[in-house]
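Data first, discussion second: the structure below is written as structure tokens.
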Amino acid sequence: MTNTRKPATPRARRQRGFLIPALAILAAVIVLFIAGVAGYIVFRVLPNVPALDAVTDYRPKIPLRVYTADNVLIGEFGEEHRDFVPIKKIPDLMKKSLLAIEDARFYEHGAIDWKRAMGAVGSNLRGGFGSGGASTITMQVARNFFLSREKRLSRKINEVALAYKIEAALSKDEILELYMNQIYLGQRAYGFSSAARIYFNKTLDQLSVAEMAMLAGLPQNPARHNPVANPKRARERQHAVLGRMRALNYITEEQYQKALAEPLRVNQRGVQDYGTHAEYVAELARQAVYSQFKEDAYTKGIRVYTTILKPEQDAAYASVRRNVITYDQRHGWRGPEDRMDLPSDPAEREDAINDALGKRPVSEGLIPAVVLSATGKTVRVETVDGDMVDLTGAGLKFAQAGLSSSAKESMRLSPGAIIRVAKDAKDHWSVTQVPQVAAAFVAIDADTGAYHAMVGGFDYNFQKFNHVTQAWRQPGSGMKPFIYSAAVDKGYSPGTLILDAPLDMPGEDAGRTWSPQNDDNKYDGPITMRRALAESKNVPSVRLLRAITVPYAHEFVGRFGFDLARQPQNYTLALGTGAATPLQMAGAYAVFANGGYRVRPYLIARIEDADGKIIQQTKPAAEHTDEQRVLDPRNAFITDSMLRDVTRYGTGAEATKALGRTDIAGKTGTTSDAKDGWFSGYGGNVVAVAWMGYDDSKSLGGREFGATVALPIWIDYMRVALANKPPQEERLAPDGVVRENDDWVYAEFAETPALGSIDLDQAPDPNAVQPIEGEPLVRPIPPGAPGTTPAQPQPQPQPQRQQPSNTLF
């Protein structure tokens with residue numbers, strides 16, 4: 001065979017001579033580089049790789065959670081909203097949706113997916129370090145637990161080293177479990193379970209394929225792909241996840257198409273929605289736990305179970321809001337909350353509206369809106385949700401004064417006015433406003449003191465101040481039952497006659513004459529103690545206090561739990577000019593409800609750690625103890641009988657009429673100038689107190705009383721609380737009481753003439769007394785009163801009352 005290869009030219013020989021040494025040098029450099037990197041890893045990185053305690057002994061920061069007695073979540077406190085869910089309880093499709101977009105070969109590779117890594121290297125060479133990534137789930141765990149997110153080569157080398165160390169220490173399932181419980185997903189949500197609750201108000205096993213894909217798209221960039229802040233980008237990312245799931249055959253074509261078309265109902269507030277409105281309850285529980293555990297309270301997964309009952313809490317919350325709004329509507333339109341300029345440019349206008357309305361506090365059912373245009377018959381508004389609403393007809397009735405051509409500027413409904421609108425059950429819109437009046441409600445178990453319900457104000461988002469526990473207000477006539485109870489202990493009887501006639505008391509008002517008045521400025525002459533309490537007569541109550549003496553009565557009311565330092569030591573004690581909280585009033589009335597025992601209201605039934613171990617528990621005694629008794633059972637029986645008559649024919653008669661049962665008792669209370677309105681009462685072993693008033697103590701209005709502002713709240717709650725409780729029978733008279741003058745009295749004080757009447761020797765000429773038309777000066781006990789033959793009560797309508805400036809009712 002002839003060799004046709006041409007001999008190498010001198011130039012080629014020279015190039016080959018240079019190439020071989022160059023390749024040798026390059027190989028040496030590569031070897032040295034690899035050796036250098038290996039040496040760096042061995043001598044600098046590996047010795048400094050942190051211990052894996054954080055992952056091998058994982059202790060997630062789980063927030064403090066507060067529950068009702070029937071296991072409904074009502075509050076969560078901690079910087080990180082997180083649930084820990086074992087990998088076995090995470091739905092398989094939720095895991096697959098995450099792996100599809102983040103690390104499809106997770107169960108196949110070691111710590112590094114070299115196939116993806118090579119692609120990322122090319123991307124980094126083209127676009128610079130950090131332009132492309134191939135982090136596996138394990139690498140992300142390493143970064144989230146131990147490293148920063150800065151894009152530096154040294155950090156990446158540490159991440160790789162840590163990833164291998166984690167893979168050697170934990171199984172794949174354990175690594176995935178860590179990741180899915182630890183990763184940040186926006187809106188203070190850590191882990192997929194917490195994100196499911198915050199974004200969709202669901203548990204993981206309730207999520208649809210579309211919702212799972214939405215959550216799976218968040219880890220890459222929780223801010224950019226957040227469905228609350230950036231719904232368009234979140235949707236794009238969700239579609240990418242669904243596409244990967246379909247390509248990997250994790251879902252069928254039918255599931256894929258259905259998920260693409262599914263409208264997502266994302267919780268736009270991006271905060272946890274709870275099972276009932278009990279914000280004031282949750283805050284009280286938080287304070288109690290924090291005082292004991294300090295900062296650990298927010299990270300150790302502590303669970304607090306309160307005594308609150310969800311159905312009753314729901315009823316209390318709804319009742320307070322409904323009746324406060326009703327009161328507010330009675331007193332008319334106050335004008336817009338604020339005003340704003342409306343830019344002429346549509347884009348600028350939309351931004352300005354979003355900014356203005358976004359700053360308004362959220363209140364359920366009272367939706368912020370800005371007026372775009374207004375005529376006498378139609379007002380167009382844009383709501384905080386971006387809806388355009390035309391208000392017409394009945395929807396404008398409440399704010400009609402703001403549409404008048406003569407309306408003051410502060411009242412006017414004009415473009416730029418920021419108002420509130422509401423939608424009823426029939427989707428009819430109307431103008432409304434946020435009430436300024438405050439209110440409170442609390443209900444406790446009469447025997448144990450356990451809270452059943454508590455609402456500390458109209459809306460926790462507007463005011464964190466808890467009026468149930470923090471508001472010291474004048475109880476008005478709500479204090480009278482305790483004065484009458486003191487009189488019973490002194491030997492007086494509900495049948496004792498007291499003179500109801502004008503009374504002048506020289507020197508009692510800072511040296512001047514004090515003349516207490518009845519609420520209607522009418523006087524009925526001699527009336528029984530029972531009737532005086534039922535009709536909340538002021539002057540007979542002062543005469544009664546004078547008979548038993550102020551020092552005795554002042555000390556006596558202390559046994560009910562009142563702070564004596566806040567109770568006056570003068571005759572206005574009978575009219576409730578001291579101060580008490582709604583919670584104190586509930587505890588005090590519980591003494592009458594349970595037969596004479598003082599109970600301490602309590603909220604927390606038990607506290608558990610993250611493992612369910614009970615740390616602290618409150619177990620009420622099965623029976624009352626002698627140490628708890630503060631009132632003679634005879635006194636409790638007699639005073640209870642008088643309080644029942646308040647709700648049968650007295651100032652609280654609407655309660656019996658509305659509830660259709662005669663086993664309830666209580667007392668209205670209205671202070672001077674109607675600055676406070678109360679109703680305190682009980683039935684079915686539940687004691688409840690309702691209060692309404694302004695924080696600046698202005699008047700509720702000349703025609704507002706405890707019976708008009710507080711009693712309706714109490715009734716609406718009791719409808720629910722007593723729904724499944726049969727009416728209780730009349731209490732049996734205890735030993736030691738007898739009948740005298742057709743009423744009850746302690747046996748040892750029977751036939752004691754001095755206790756049969758008060759001030760009757762001061763009675764004016766009977767002809768000068770103005771009795772109620774057609775009735776004698778001394779009324780008999782009405783049918784159905786305790787100790788008489790039971791009969792259906794005959795509630796009497798209350799007269800229209802003029803409120804004197806010095807009257808307390």
Side-chain angles (χ1 to χ4, degrees), residues 73 76 80-83 85 89-104 179-181 183-275 350-351 353-354 357-358 362 364-365 367-368 382-389 423 427:
L73 181 65
E76 186 174 286
E80 300 180 3
H81 294 307
R82 188 197 308 279
D83 302 310
V85 182
K89 292 187 177 181
I90 297 177
D92 186 61
L93 206 52
M94 182 73 253
K95 290 183 283 188
K96 286 182 176 179
S97 63
L98 172 67
L99 295 177
I101 197 67
E102 290 291 331
D103 192 356
Y179 182 89
M180 297 193 74
N181 284 286
I183 191 71
Y184 178 62
L185 298 171
Q187 304 299 141
R188 294 171 60 199
Y190 289 79
F192 283 84
S193 178
S194 178
R197 287 190 296 108
I198 287 176
Y199 288 116
F200 299 113
N201 296 319
K202 293 182 178 181
T203 58
L204 285 175
D205 59 354
Q206 295 172 330
L207 294 176
S208 67
V209 173
E211 290 165 341
M212 290 180 184
M214 179 69 78
L215 296 184
L218 290 172
Q220 183 192 66
N221 193 326
R224 180 181 176 85
H225 301 139
N226 188 319
V228 174
N230 296 302
K232 183 178 179 181
R233 290 174 178 173
R235 191 74 172 176
E236 291 172 354
R237 180 66 173 168
Q238 178 213 32
H239 285 190
V241 175
L242 290 170
R244 286 288 296 156
M245 294 176 72
R246 180 70 192 101
L248 294 168
N249 285 320
Y250 290 163
I251 55 176
T252 65
E253 180 65 23
E254 182 182 356
Q255 288 176 304
Y256 174 65
Q257 294 297 336
K258 181 180 179 182
L260 287 177
E262 180 180 319
L264 293 182
R265 295 174 176 82
V266 176
N267 177 10
Q268 291 300 321
R269 291 193 298 149
V271 295
Q272 174 70 49
D273 279 347
Y274 301 112
E350 195 62 27
D351 288 342
I353 290 174
N354 289 339
L357 297 184
V362 175
E364 184 180 22
I367 302 169
E382 181 176 342
T383 72
V384 68
D385 297 322
D387 296 328
M388 298 294 177
V389 176
K423 184 166 64 172
D427 289 339

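A distance of 5.0 Å separates CG of Leu93 from CE of Met212, quoted to the nearest 0.5 Å. Note that NZ of Lys232 is 6.0 Å distant from CD of Glu236, once rounded to the nearest 0.5 Å. Here Lys96 contributes atom NZ and Asn249 contributes atom CG; the two are 10.0 Å apart, rounded to the nearest 0.5 Å. Separation of atoms CG (Leu242) and CZ (Arg237) is listed at 11.5 Å; rounding is to 0.5 Å. Considering CG of Leu357 and OG1 of Thr383, their distance stands at 8.0 Å, rounded to 0.5 Å.
Remark: Glu254 CD is loosely packed, at most 12 non-hydrogen atoms of other residues, nucleotides or ligands lying under 6.0 Å away.
Between Tyr190 and Ile183 there is no side-chain heavy-atom pair separated by less than 4.5 Å. The side-chain heavy atoms of Leu264 and Arg235, taken from C-beta on, include a pair separated by under 4.5 Å. Side-chain atoms of Glu262 and Glu211, non-hydrogen and from C-beta on, do get closer than 4.5 Å to each other. Contact of the Gln187 side chain with the His81 side chain is not registered, since no non-hydrogen atoms from C-beta on lie closer than 4.5 Å. In this structure, Lys89 and Leu204 have side chains that are not in contact, with every pair of non-hydrogen atoms separated by 4.5 Å or more. The shortest side-chain heavy-atom distance between Phe192 and Met94 falls under the 4.5 Å cut-off. Inter-residue side-chain proximity for Ile90 and Ser193 is flagged as unmet; no heavy-atom pair is nearer than 4.5 Å. The closest side-chain heavy-atom distance from Tyr256 to Val209 is not below 4.5 Å.
In this structure, Arg244 contributes its side chain and Ile101 its backbone to no donor-acceptor pair below 3.5 Å. A donor-acceptor pair under 3.5 Å is formed between the side chain of Arg246 and the backbone N or O of Ile251. Under the 3.5 Å distance criterion, the side-chain polar atoms of Asn226 are left unmatched by any main-chain donor or acceptor of Ala234. Remark: side-chain polar atoms of Asp83 are not paired, donor with acceptor, to backbone N or O of Gly191 under 3.5 angstrom. A side-chain donor-acceptor contact under 3.5 Å links Asn221 to the backbone of Arg224. The main-chain N or O of Ala210 is found under 3.5 Å from a side-chain atom of Gln238 such that the two form a donor-acceptor pair. Although no hydrogens or angles enter the test, the distance criterion places no donor-acceptor pair under 3.5 Å between the side chain of Arg82 and the main chain of Ser194.
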Inset, instruction - Quick one: do Leu73 and Arg197 satisfy side-chain contact (heavy atoms from CB on, under 4.5 Å)? Show the steps, please. - result: CA-CA 12 Å; Leu73 181 65; Arg197 287 190 296 108; 4.2 Å; yes
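For the pair Leu218 and Pro227, the tightest heavy-atom approach, listed with the atom from each and the gap, is CD2-CD, 3.9 Å. Considering all non-hydrogen atoms of both residues, Ala196 and Leu207 come closest at CB-CD1, 4.0 Å. Shown here for Pro222 and Leu185, the closest heavy-atom pair between the two residues is CB-C, 3.9 Å.
Using modelled atom types, one finds a donor on one side chain and an acceptor on the other under 3.5 Å when comparing Asp205 with Thr203.
Of the options His225, Met180, Glu102, a side chain to side chain contact (heavy atoms under 4.5 Å, CB included) to Pro219 is made by Glu102 and by none of the others.
Using a cut-off of 4.0 Å between Lys/Arg side-chain N and Asp/Glu carboxylate O, Glu76 and Arg188 are scored as not salt-bridged.
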